[in-house]
Amino acid sequence: MKGSGLGSERESAMPRDASIEEKYERAIRNAAPLNPVFPHQAKEQMAALIEEIGRSNANIEQFLSHQTTAAHRGGFVAEEYHATTFNMDSILKGKALRAETGMDNHLIGNNDRVSDIVIARDGQIEVRVQSKYMGDAATTANKHAALDTATLKPKYEGADVALSPADQVEAVAKHAREQAAKHEGKAAAASPADADQLVTRGHRAKAEAYRQTADKTSGRLEHDGVSSKDLTKAEANALGDNDTSKLDAIRSAYKTDSTIQQMGRAAAGAAAMAAVVAGTVNTVRYLDQVRKGKLSPQEATIKIVAETGAAAADSAIKAGLVTGTHSIITRLSSQTVVTTLARQSLGTMLRSNAISAGVVCAVDAAKDLVLLAKGDITAAEFEERQGKGLLTTSAGVMGSTLGMAAMPALGTSVALAPVVGALAGALVAGAAMSFAMEVGIEAPYRELVSNTRDLRESALLLEEVSQGIFHGQVHFTAFLTVDAELDTAIRSSLADGAGKGAAMAAAIDRI
């Protein structure tokens, strides 16, 4: 091998007597990116986001069908807006929290007395929310501070959040505090001997309702590090008028963030895996050369660090691109397809992970194109390298998937077992294909490449011949057309001559 393996510009064919470490080196860089855990997680998260969008859209469409004003519809759609943006934020943060409205008809009914929205974890309600989107802050505060006339207690005492328009929050809290003080003053001014104690109780209850409103007022849902997005009264009215541009932009941003987040995690994970494996392999190889006197300890250290870093960087780039591709494909798919992709069986995973092989091969192809342009490799070498890369990478995909599936079957309880199993499977399968190519199928492979090249040249020649025949047919058709026109003209001339001859004979007979 020219240069020092991973750090070299041109990776020529490896000699058959190369060490086992050198042979594994070629499988290391693609083993981590081919780990199906990374794209599977990306697809799962993107599918969850898309399913959440589908859930909330169904509820929003029902509200928009109501024959009322845009402001009235907007108040109801605001509940769905906060629930769905909270849920998408929770999905992106990997939390089990989910917000539901009465329209979901699951944890609360559509006409729950206290809650318009609830936040739950694993089906257990942790936060209850009452939502009011009125035309001004004073009206919003008054609605939140309503009393239960039967018990003379705050109607929404059981709610934890008084959800209000983002542009009214401060004014709602201010108005609520002022009204609480006002009603407390009226209650205090009443004489103990006052015959109408009910009025005094009412003032005190109203003061308590306003105090609770002031304390609970918020412009968003917030719980355990997850939050919804702010929504003003005007924006709620726009939603009620079927203008969903703000919500669409937020949803798109969440989906983009998901792709970026998963690419980053995959890149970091793949880099760590490659660094561990490549570092071990490189350490064994170069320390052996130190013992044999071929390298100094300083030279060995430099090579170990450089080549391990190169392997980690290469794996990180490929893993990020593989994961990003799967995430975007899931984003662009229909909801039905998304569900299938996100919860795929082993068989489905084997088929869909062909995408991973394609991306990894594309990265390597881009590198080889640079070498080809620089003249470091010939066109024939370029084709051969791409063919071998496709074989070994495809083998790595198969190995990684089977390795991930095999680990749980062995009964291991290690949390990272699927990740480790996939890495090991990709390494073994990729290296095995490399060995097989060297000792068993090298000649057939070269023959296949040659036959493919000959077949391509034959196809080009056939196309040229076909074009020639086509042009010949065109010219021959034109010839037949002209010939037919000439034949028609001759026949017309002969018929005309015969008619004139007969006329002439008749004229002579009359003489």
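- In this structure, E80 and R55 have side chains that are in contact, with non-hydrogen atoms separated by less than 4.5 Å.
- By the ring pair (Phe, Tyr, Trp, His ring centres under 6.0 Å) test, F76 is found to be paired with F63, H72, residues two or more places apart in sequence or in another chain being considered.
- Atom NZ of K174 has 12 or fewer neighbouring heavy atoms from other residues, nucleotides or ligands inside a 6.0 Å radius.
- When every heavy atom of E100 is checked against every heavy atom of L107, the shortest pair comes out as OE1-N, 3.3 Å.
- Among residues two or more places apart in sequence or in another chain, the side-chain hydrogen bond (donor to acceptor under 3.5 Å, both in side chains) test is passed with K182 by none.
- Put simply, OG1 on T151 and CZ on R201 are 9.0 Å apart, with the number rounded to the nearest 0.5 Å.
- A side-chain hydrogen bond (donor to acceptor under 3.5 Å, both in side chains) with Y156 holds for exactly one of K143, K132, R113; it is K132.
- Considering all non-hydrogen atoms of both residues, I117 and A99 come closest at CG2-CB, 4.2 Å.
- For the atom pair D122 CG and L97 CG, the distance stands at 9.0 Å (nearest 0.5 Å).
- Residues R251 and T244 have side chains that never bring a donor and an acceptor to within less than 3.5 angstrom of each other.
- Remark: the N105 side chain and the N110 side chain contain no N/O donor-acceptor pair separated by less than 3.5 Å.
- The minimum heavy-atom distance linking T101 with A83 is given by the pair CG2-CB, 3.9 Å.
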> Can Q262 and M46 be said to form a side chain to side chain contact (heavy atoms under 4.5 Å, CB included), step by step?
Replying inline: CA-CA 10 Å; Q262 293 298 323; M46 186 62 72; over 6 Å; no

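- The heavy-atom pair separating G219 from H82 by the smallest distance is O-CE1, 3.2 Å.
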>> One pair to check against side chain to side chain contact (heavy atoms under 4.5 Å, CB included): I60 and L247. What are the steps and the verdict?
In response: CA-CA 11 Å; I60 290 172; L247 181 56; 3.8 Å; yes

>> Quick one, H144 with S164, criterion side-chain hydrogen bond (donor to acceptor under 3.5 Å, both in side chains). Give me CA distance, side-chain angles, the key distance, then yes/no.
In response: CA-CA 9 Å; H144 275 305; S164 308; 3.3 Å; yes

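- The side-chain heavy atoms of Q45 and Q261, taken from C-beta on, include a pair separated by under 4.5 Å.
- Taking the charged nitrogens against the carboxylate oxygens, D160 and R128 have no contact shorter than 4.0 Å, which rules out a salt bridge.
- Listed for the Q130 side chain is no donor-acceptor partner under 3.5 Å among the backbone atoms of A162.
- At least one donor-acceptor pair under 3.5 Å links the side chain of S65 to the backbone N or O of Q62.
- Counting non-hydrogen atoms of other residues, nucleotides and ligands closer than 6.0 Å to CD of E170 gives a total of 12 or fewer.
- Using a cut-off of 4.0 Å between Lys/Arg side-chain N and Asp/Glu carboxylate O, R204 and E208 are scored as not salt-bridged.
- Separation of atoms CE (M88) and NZ (K93) is listed at 13.0 Å; rounding is to 0.5 Å.
- Contact of the K186 side chain with the K206 side chain is not registered, since no non-hydrogen atoms from C-beta on lie closer than 4.5 Å.
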> So E157 and K216, salt bridge (charged side-chain N to carboxylate O under 4.0 Å, His left out) or not? Walk me through it.
Replying inline: CA-CA 10 Å; E157 189 172 25; K216 297 175 182 178; over 6 Å; no

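- Put simply, CG on D116 and CG on L163 are 8.5 Å apart, with the number rounded to the nearest 0.5 Å.
- Side chain of S90 to backbone of F86: no donor-acceptor contact under 3.5 angstrom is found.
- Looking only at side-chain heavy atoms (C-beta outward), L92 and S258 come within less than 4.5 Å of each other.
- Between the side chain of K255 and the backbone N or O of I50, no donor-acceptor pair lies under 3.5 Å.
- A donor-acceptor contact shorter than 3.5 Å is absent between the side chain of S218 and the backbone of V161.
- Using modelled atom types, one side-chain atom of Y81 and one backbone atom of D230 make a donor-acceptor pair closer than 3.5 Å.
- The minimum heavy-atom distance between K233 and A71, with the atom names listed, is NZ-O, 3.8 Å.
- Atoms CG and CD, from N142 and Q179 in turn, are 6.5 Å apart once rounded to the nearest 0.5 Å.
- In terms of heavy atoms, A209 sits closest to A145 at CB-O, 3.4 Å.
- A donor-acceptor pair under 3.5 Å links the side-chain atoms of K95 to the main chain of D224, judged by distance alone.
- D241 places no side-chain N or O within 3.5 Å of a backbone atom of D243 that could act as its donor or acceptor partner.
- Taking CG from D257 and CD1 from I91, the interatomic distance works out to 13.0 Å, rounded to the nearest 0.5 Å.
- Surrounding NZ of K155 are at most 12 heavy atoms belonging to other residues, nucleotides or ligands under 6.0 Å away.
- Defined by atom type and a distance below 3.5 Å, a donor-acceptor pair is present between the side-chain atoms of Q168 and T140.
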> For D89 and Y254, what are the C-alpha separation, side-chain angles and deciding distance, and is it a side chain to side chain contact (heavy atoms under 4.5 Å, CB included)?
Replying inline: CA-CA 7 Å; D89 191 50; Y254 273 126; 3.4 Å; yes

>> Would R220 and K229 count as a side chain to side chain contact (heavy atoms under 4.5 Å, CB included) here? Give the steps.
In response: CA-CA 6 Å; R220 64 176 67 175; K229 297 293 185 181; over 6 Å; no

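- Put simply, the side chain of D112 never gets that close to the backbone of G109: no donor and acceptor are under 3.5 Å apart.
- Annotation: side chain of L231 is not in contact with side chain of T85 (no heavy-atom distance under 4.5 Å).
- Judged purely by atom type and a 3.5 angstrom limit, S228 uses its side chain to pair as donor or acceptor with the backbone of L221.
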